[in-house]
Amino acid sequence: MDLNIERTIANKPDLLIAANWSDQQKIEVLRQAGITVFIFNTVYTIHDIENNILLLGKLVNQSERAQQLVNEMNTKLATKLIKPKHKLTAVEYTPWGAASNEASTINTIMVRAGLTNVVANVQGDQYGQVPLAKEQLLVLNPDVIIIPGTCDKDNTDNSNQFRQELLADPSLQQLTAIKNNKVICLPQSLRSTDSQYIVDAIIYLNHHVYGDNKTKQAHE
């Protein structure tokens, strides 16, 4: 998000929450203008996300509500996940030819959904992105391929087109995920979250991998 200094100062917020990757010069200007700015670090794990929720609850005097959100997250994870008899391997594969390692929320989503991320320990960039060519995808041969997108919920989405391209690609027909039709779109709104909604992403992916058609439709 681009910090609009003039608009922010005009709105006179009691508290501004910013990410650690926000423009530090703009943050300093806002602080000099008398606005209280709190910086949240980028986090990837459920534990750290829960800690951020509890911290935000303290900052806005809503500790009880924050604890309730955390409890709801844990209840969902304990009661709504399908426990696989055999964990499948998986990789996120984007239209720009990249995957995500363990330094990412998508890795947390995959692992908590009962999947093993085949590139979890591969070195990536500062955002956890790992370049992945088709040749490498063939070597890794995951049981599941996860693609990002709005998942065909609007007419600007190309995730379904990308999925069809993968399924029809002659060079990828030996992939286990292709053979078993396990190319799954994870909505970008769920994939990129680092709030309590990460639990919804975990349940969505878990049910689309391990559930039957009835279970999948109930969570779309």
Side-chain angles (χ1 to χ4, degrees), residues 1-2 19-24 40-49 52 84 86-154 156-195 197-198 200-202 204-206 208-210:
M1 183 185 73
D2 182 30
N20 59 333
W21 42 261
S22 300
D23 189 319
Q24 295 302 308
F40 270 109
N41 290 323
T42 301
V43 295
Y44 308 114
T45 69
I46 293 288
H47 176 73
D48 288 339
I49 290 172
N52 271 357
H86 172 67
K87 285 188 177 182
L88 300 180
T89 59
V91 69
E92 180 192 41
Y93 190 57
T94 67
W96 53 93
S100 295
N101 64 18
E102 62 185 356
S104 63
T105 51
I106 183 62
N107 181 74
T108 295
I109 292 168
M110 292 164 67
V111 171
R112 295 302 292 263
L115 296 164
T116 300
N117 183 4
V118 294
V119 299
N121 298 318
V122 179
Q123 185 174 358
D125 63 18
Q126 60 180 326
Y127 304 108
Q129 291 278 290
V130 178
L132 191 65
K134 286 184 180 179
E135 294 77 11
Q136 294 170 296
L137 189 60
L138 287 165
V139 173
L140 293 169
N141 192 25
D143 298 312
V144 179
I145 296 174
I146 301 163
I147 60 172
T150 56
C151 303
D152 218 19
K153 294 188 182 298
D154 64 55
T156 64
D157 178 47
N158 67 354
S159 59
N160 187 57
Q161 178 184 342
F162 180 54
R163 181 177 183 275
Q164 295 305 320
E165 289 174 356
L166 290 178
L167 291 172
D169 191 324
S171 67
L172 300 178
Q173 295 308 300
Q174 296 305 309
L175 282 174
T176 300
I178 300 294
K179 289 180 179 179
N180 296 331
N181 197 29
K182 285 288 187 180
V183 180
I184 297 171
C185 181
L186 180 64
Q188 187 67 26
S189 58
L190 293 177
R191 176 196 177 276
S192 59
T193 182
D194 57 3
S195 69
Y197 295 109
I198 194 172
D200 295 326
I202 293 167
Y204 179 99
L205 184 58
N206 172 265
H208 277 70
V209 172
Y210 297 114

Problem set entry | Side-chain donor or acceptor of Y210 paired with backbone N/O of G114 under 3.5 Å | yes

For this session: Could you pull out the closest heavy-atom pair between H208 and I184, with the gap in Å?
Result: O-CD1, 3.5 Å

For this session: Go through the steps to decide whether T176 and D143 satisfy the test side chain to side chain donor-acceptor pair (under 3.5 Å), and finish with yes or no.
Result: CA-CA 5 Å; T176 300; D143 298 312; 4.7 Å; no

Exercise. Got a sec, which pairs hit side chain to side chain donor-acceptor pair (under 3.5 Å) with one end in residues 129-139, sequence neighbours left out?
Worked result: W96-Q129, S100-Q129, K134-D169

Problem set entry | For F162 against Y93, the heavy-atom pair lying closest together | CE2-O, 3.5 Å

Problem set entry | Pairing residues for H86 by the side chain to side chain donor-acceptor pair (under 3.5 Å) criterion, not counting sequence neighbours | none

Exercise. How far apart are the C-alpha atoms of I178 and L167, what are their side-chain angles, what is the distance that settles it, and do they pass the side-chain contact (heavy atoms from CB on, under 4.5 Å) test?
Worked result: CA-CA 6 Å; I178 300 294; L167 291 172; 4.1 Å; yes

Problem set entry | Check: Q24 side chain, S22 main-chain N or O, donor-acceptor pair, under 3.5 Å | yes

For this session: Please report the closest heavy-atom contact between Q188 and P148, naming both atoms and the distance.
Result: OE1-CB, 3.4 Å

Exercise. Which heavy atom of I109 sits nearest a heavy atom of I202, and at what distance?
Worked result: CA-CG1, 3.8 Å

For this session: Considering non-hydrogen atoms only, spot the tightest contact between P142 and L175 and give its length.
Result: CD-CD2, 4.3 Å

Problem set entry | Donor-acceptor contact present, side-chain Q123 to main-chain V130, <3.5 Å | no

For this session: Please name the pair of heavy atoms, one in M110 and one in E92, separated by the smallest distance, quoted to 0.1 Å.
Result: CE-N, 4.2 Å

Exercise. Is the closest side-chain heavy-atom distance between Y44 and I198 below 4.5 Å?
Worked result: no

Exercise. Does R163 use its side chain to pair, donor to acceptor, with the backbone of V183 at less than 3.5 Å?
Worked result: yes

Exercise. So which pairs with a foot in residues 105-115 pass side chain to side chain donor-acceptor pair (under 3.5 Å), sequence neighbours left out?
Worked result: N107-N117

Exercise. Looking at side-chain heavy atoms only, is the closest gap between T193 and D200 below 4.5 Å?
Worked result: no

